[in-house]
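Hydrogens, waters and symmetry mates play no part in the numbers below; they use all other heavy atoms, side chains included.
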Amino acid sequence: MIKAIQERIRNYLDEQGYEGLDFIVERPKKRAFGHISTNLAMKLAPLLRKNPYQIAGELAETLFQNIQYLEKIEVIRPGFINFFFKAAYFQSLVEELLAAGADFQKPQLLKKEKIQVEFVSANPTGPLTIGHGRQAVLGDTVGRIFEWFGHEITREYYFNDAGRQMRLLGLSVYARYMNLFGYEAELPDDGYQGDYIIDIAKSIADKWSDKYLNQPENSLFTDFAAESVFKMIQTSLERLNIRHDVYYNEKDLYAEGKISEVLKILEEKNFTYQYDGAIWFKARFFGAEKDRVLVKSSGEPTYRLPDIAYHRQKLLRGFDRIIDLFGADHHATFPDVIAALQAMDLDSSKIQALIHQFVTLTKDGEKVKMSTRKATFVTLDELIDLVGADVVRYFYLMRGADSHLNFDISLAQKESDENPVFYLQYAHARMHNILVHSREKGIESFLEGDCSLLIEDEILEVLDIISEFGEIMETAARTLDPIHLINYLQKLATAFHRFYARHRVVSEDLELSKARLKFILAVKTIITNAMGILGIHTPDVM
RNA sequence: GCCCCGAUAGCUCAACUGGAUAGAGCAACGGUCUUCUAAACCGUAGGUUUUGGGUUCGAUUCCCGAUCGGGGUACCA
């Protein structure tokens with residue numbers, strides 16, 4: 001409906017020669033202002049040199065005649081045009097929704113895109129923390145949103161199991177392994193102190209007994225630790241129903257010569273120079289405040305170089321769109337990567353960064369400072385144990401990505417009974433129960449029910465919200481933020497609960513019951529679908 | 001110093017590309033179960049949208065300055 005009006009306005013503007021004019025067609029906050037409203041007249045006023053109120057009146061009489069399901073138009077000062085629809089419009093949505101199912105309001109795809117979403121990408125040095133959890137759920141859900149539109153999604157995890165941190169991990173495991181056999185061995189300075197290190201050491205001891213004593217440099221410790229930690233990480237993600245399609249190891253970039261290729265290209269294009277024994281990238285040429293080192297004077301590349309090579313590979317792999325998730329602490333890298341890609345004449349506009357702010361954790365009213373190395377973190381697993389996967393997913397998504405997320409552990413635990421996610425699930429369970437109840441009452445079928453009997457304000461309100469679903473999905477995709485879908489579901493559930501409290505579905509009036517059962521099935525369908533996109537379960541019974 | 005995010009009810013946060021009387025949840029107070037699940041519903045109270053300017057028919061939203069908080073500004077990742 002909103003699209004029909006938008007289109008009509010656009011055609012009109014084209015005819016009149018005002019193609020570029022930007023106007024809005026929106027759903028006003030107050031029902032008194034109509035189901036849909038436009039500011040068109042106020043935008044036209046300066047061009048036509050006329051009073052917007054007068055323009056609005058004229059448009060209402062001409063442009064906006066013969067609109068299907070239109071009940072009335074109102075023109076309000078200073079020049080809003082407000083549209084009110086007939087109940088028949090909302091009733092028709094029930095049939096439409098039941099026919100389309102999960103495809104309800106899904107737009108025709110102009111082009112099926114190959115989209116890569118890269119997220120988590122934590123090096124395997126320890127269990128995932130609450131901070132990683134936010135990125136995991138956010139990335140996965142963004143993928144689900146694009147999947148709904150019909151795009152092809154690759155979920156990717158980029159990691160590096162070489163380097164200093166991993167060596168420290170190996171040495172930490174080694175020390176614990178020695179301890180198990182009663183030998184003195186100190187954790188290295190900056191070593192990893194978590195209990196999981198001891199568990200890994202035990203696994204090694206179980207498997208090979210004392211075979212590796214006194215071999216601190218044996219790569220077995222690092223390799224075994226990396227593999228163990230990776231399993232932990234995957235298990236944690238699996239619990240949240242998250243699976244990556246591709247694990248991309250930074251090592252492969254070296255092995256396949258991709259690092260040196262990048263250096264060579266940048267050098268040929270004259271975007272690098274040597275200074276102080278290091279190789280620098282002319283980042284200033286692309287607007288950075290200073291140039292960046294790609295290869296240290298030690299001959300070792302900085303983190304930037306593999307990042308650049310990795311993103312070059314992403315583009316060469318043929319993705320139409322690439323979405324990178326990172327926390328606010330890593331956002332500084334991004335402009336350098338983009339600049340280097342541009343330097344290599346690659347189309348960096350395909351890459352989008354989704355930067356999310358930190359998760360701060362409070363416990364008993366106090367801030368908890370988290371560090372993987374010191375093991376003073378709360379793991380994602382602990383959080384899932386505490387409140388369950390559905391609540392975890394929901395909580396991570398219920399704040400905008402660029403807002404700080406404050407996770408109060410004590411509160412999440414204490415109040416898990418009155419959690420907003422249960423509000424949604426409860427609505428679904430109620431609907432399920434109504435359908436079960438109707439069968440018990442002997443109503444075998446209701447799909448032939450007459451939707452024109454659905455006339456209560458509470459029902460029309462729910463259907464009005466349902467009519468908005470497609471737009472919400474588009475907003476979520478455009479902004480890369482599932483929070484819009486969360487807010488939408490809250491609104492929908494609230495409207496449903498209000499209806500439920502005031503009207504019975506199954507009653508003595510068989511025809512009315514059938515109509516309302518159709519309505520219930522329609523709402524249940526859309527809630528199930530939307531919750532599925534968020535990766536949250538819809539239990540039948542609570 | 002410079003760059004990026006944020007600042008909205010007591011608390012945690014919404015408000016779609018600038019729209020009309022800024023909304024939820026929690027906390028507080030009062031009401032509603034002999035009916036399909038009260039994990040719900042209804043009502044009351046709670047605001048100078050941090051601050052000072054500017055842009056315009058209209059600003060929580062855009063621009064400039066200030067303050068506070070988080071992050072970055074490495075030949076760490």
Side-chain angles (χ1 to χ4, degrees), chain A residues 22-24 26-30 32-33 37-39 42 45-46 51-53 76-80 82 123 160 163-165 275-280 288-290 292-304 306-307 327-335 355-358 360 398-408 411 415-423 425-427 429-438 440-441 468 471-472 474-476 478-479 481 483-484 486-488 490-491 493-494 496-507 513 516-517 520 541-542:
Chain A
D22 96 280
F23 60 93
I24 59 166
E26 62 159 4
R27 296 160 186 280
K29 290 170 190 162
K30 305 282 172 186
F33 298 139
S37 170
T38 181
N39 64 352
M42 284 171 291
N51 174 340
Y53 185 71
I76 308 268
R77 290 187 189 280
F80 290 103
N82 299 334
N123 289 340
N160 178 14
R164 180 183 129 82
Q165 292 305 321
Y275 177 76
D276 260 4
I279 299 176
W280 295 70
E289 60 181 308
K290 50 169 129 169
R292 308 291 188 189
V293 171
L294 294 178
V295 181
K296 305 180 207 174
S297 49
S298 64
E300 215 181 338
T302 63
Y303 64 91
R304 257 180 264 272
D307 272 3
D329 56 337
H330 280 212
H331 77 273
T333 315
F334 192 68
I355 297 165
H356 60 87
Q357 298 298 313
F358 278 14
T360 48
M398 70 193 277
R399 301 295 175 233
D402 52 17
S403 287
H404 284 257
L405 177 61
N406 185 12
F407 219 126
D408 189 328
L411 203 73
E415 298 194 334
S416 62
D417 267 9
E418 45 197 48
N419 208 287
V421 68
F422 295 133
Y423 187 77
Q425 292 180 323
Y426 187 55
R430 276 181 151 177
M431 289 183 254
H432 178 81
N433 197 51
I434 291 169
L435 295 175
V436 169
H437 178 77
S438 75
E440 287 166 356
K441 285 282 180 183
E468 201 182 349
E471 294 155 50
I472 295 294
E474 281 172 21
T475 301
R478 188 183 68 243
T479 59
D481 200 334
I483 192 180
H484 299 101
I486 293 266
N487 291 341
Y488 176 79
Q490 281 297 329
K491 201 163 82 171
T494 300
F496 169 76
H497 283 307
R498 184 180 297 130
F499 157 77
Y500 182 94
R502 292 184 186 174
H503 304 283
R504 285 190 60 81
V505 174
V506 180
S507 65
S513 298
R516 289 184 178 176
L517 282 165
I520 293 298
V541 179
M542 288 181 72

Problem set entry | A39(B) versus A27(B) - spacing of their P atoms, nearest Å | 15 Å
Problem set entry | Phe496(A) six-ring centre to Arg430(A) NZ/CZ under 6.0 Å and within 45° of normal | no
Exercise. Contact class for Arg478(A) vs. all strands (heavy atom < 4.0 Å): base, sugar-phosphate, or nothing?
Worked result: sugar-phosphate
For this session: Compare all side-chain heavy atoms of Phe499(A) with those of Val505(A) and state whether any distance is below 4.5 angstrom.
Result: yes
For this session: Mark yes or no for whether His484(A), through its side chain, and Thr479(A), through its backbone, hold a donor-acceptor pair below 3.5 Å.
Result: no
Problem set entry | Polar side-chain atom of Ser37(A) near backbone of Arg27(A) as donor-acceptor pair, under 3.5 Å | no
Exercise. How about Arg399(A) and His404(A): does a side-chain donor come under 3.5 Å of a side-chain acceptor?
Worked result: no
Exercise. Checking all strands, does Ala429(A) fall into the base, sugar-phosphate, or nothing category for heavy-atom contacts under 4.0 angstrom?
Worked result: base
For this session: Sticking with atom C1', work out how far C33(B) lies from C42(B), rounded to a whole angstrom.
Result: 14 Å
Exercise. Contact class for Asn82(A) (heavy atom, under 4.0 Å): base, sugar-phosphate, or nothing?
Worked result: base
Exercise. Applying a 3.5 Å limit to both distances, which nucleotide forms a Watson-Crick or G-U wobble pair with C33(B)?
Worked result: none
For this session: Would you kindly check whether a donor in the side chain of Ser297(A) faces an acceptor in the base of C75(B), or vice versa, at under 3.5 angstrom?
Result: yes
Exercise. Base, sugar-phosphate alone, or nothing: which one does Asp276(A) contact when heavy atoms must sit under 4.0 Å apart?
Worked result: base
Exercise. Touch check for Asn39(A), heavy atoms < 4.0 angstrom, all strands: base, sugar-phosphate only, or nothing?
Worked result: base
Exercise. Do Asp402(A) side-chain atoms and His356(A) backbone N/O form a donor-acceptor pair below 3.5 Å?
Worked result: no
Problem set entry | Interatomic distance at P, C2(B) relative to A74(B), whole Å | 16 Å
For this session: Report the distance from atom OH of Tyr53(A) to atom P of A20(B), rounded to the nearest whole Å.
Result: 19 Å
Exercise. What nucleic acid atoms does Ser37(A) come within less than 4.0 Å of, heavy atoms only: base, sugar-phosphate, or nothing?
Worked result: base
Exercise. Within the side chain of His503(A), is there an N or O that forms a donor-acceptor pair under 3.5 Å with the backbone of Tyr500(A)?
Worked result: no
Exercise. Ala332(A) near the nucleic acid: base, sugar-phosphate alone, or nothing, with a heavy-atom cut-off under 4.0 Å?
Worked result: sugar-phosphate
For this session: Kindly say if Lys491(A) contacts the phosphate of A15(B), meaning a side-chain N or O under 4.0 Å from OP1 or OP2.
Result: no
Exercise. Rounded to the Å, how far apart are Asn406(A) CG and C13(B) C1'?
Worked result: 11 Å
Exercise. Over how many whole Å does the gap from Tyr500(A) atom OH to C42(B) atom P extend?
Worked result: 14 Å
Exercise. Base, sugar-phosphate, or nothing for His356(A), non-hydrogen atoms under 4.0 angstrom?
Worked result: nothing
Exercise. Taking the same atom, C1', in G6(B) and in U50(B), what whole-Å distance lies between them?
Worked result: 12 Å
Exercise. When all nucleic acid strands are considered with a 4.0 Å heavy-atom cut-off, which category describes Arg164(A): base, sugar-phosphate, or nothing?
Worked result: nothing
For this session: Output yes when a side-chain donor or acceptor of Ser297(A) lies under 3.5 Å from a complementary backbone atom of Ala278(A), and no otherwise.
Result: no
Problem set entry | A39(B) pyrimidine/purine six-ring stacking with Tyr423(A), under 5.5 Å and 30° | no
Seminar exercise, completed: As its Watson-Crick or G-U partner within any shown strand, both distances under 3.5 Å, C68(B) has G6(B)
Exercise. With rounding to whole Å, what would you report as the distance between U8(B) and U12(B) at their P atoms?
Worked result: 8 Å
Problem set entry | Gap between atoms CZ and P, on Phe23(A) and G19(B) respectively (whole Å) | 15 Å
For this session: Without swapping roles, check the side chain of Trp280(A) against the backbone of Tyr275(A) for a donor-acceptor pair under 3.5 Å.
Result: yes
Seminar exercise, completed: Taken to the nearest 0.5 Å, the spacing of Ile434(A) CD1 from Lys441(A) NZ works out to 13.5 Å
Exercise. Looking for any heavy atom pair under 4.0 Å, which part of the strands does Gly400(A) touch: base, sugar-phosphate only, or nothing?
Worked result: sugar-phosphate
For this session: Identify whether any heavy atom of Val541(A) sits under 4.0 Å from a base atom; if not, whether one sits that close to sugar-phosphate; answer base, sugar-phosphate or nothing.
Result: base
For this session: Can you tell me the distance, in whole Å, between the NZ atom of Lys29(A) and the C1' atom of C16(B)?
Result: 10 Å
Seminar exercise, completed: Applying the 3.5 Å cut-off to both distances, the Watson-Crick or G-U partner of G23(B) turns out to be C13(B)
Exercise. With sugar-phosphate meaning primed atoms plus P, OP1 and OP2, does Phe358(A) contact a base, only sugar-phosphate, or nothing at under 4.0 Å between heavy atoms?
Worked result: sugar-phosphate
Exercise. Taking a pair as Watson-Crick or G-U wobble with both distances under 3.5 Å, which nucleotide is matched to A45(B)?
Worked result: none
Exercise. Which part of the nucleic acid, if any, lies within reach of Glu26(A) when heavy atoms closer than 4.0 Å are counted: base, sugar-phosphate only, or nothing?
Worked result: base
For this session: Figure out the CD1/C1' separation between Ile520(A) and C36(B), and round it to whole Å.
Result: 9 Å
Exercise. Which whole number of Å gives the distance between the C1' atom of A59(B) and that of A22(B)?
Worked result: 12 Å
For this session: Check the distance between A40(B)'s C1' and Ile434(A)'s CD1 and give it to me in whole angstrom.
Result: 12 Å
Problem set entry | Nearest-nucleotide comparison on RNA chain B, the residue closer to the 5′ end among Ala401(A) and Asp329(A) | Ala401(A)
Could you list the protein-to-nucleotides 3-6 of chain B atom pairs, N/O on both sides, closer than 3.5 Å?
{"from": "C5(B)", "atom 1": "O2'", "to": "Gln357(A)", "atom 2": "NE2", "distance (Å)": "3.0"}
{"from": "C5(B)", "atom 1": "O2'", "to": "Asp402(A)", "atom 2": "O", "distance (Å)": "2.9"}

For this session: For Arg504(A), report the nucleic acid contact type (base, sugar-phosphate, nothing); a contact means any heavy atom under 4.0 Å.
Result: base
Exercise. Separation of His497(A) atom NE2 from A39(B) atom C1', in whole Å?
Worked result: 8 Å
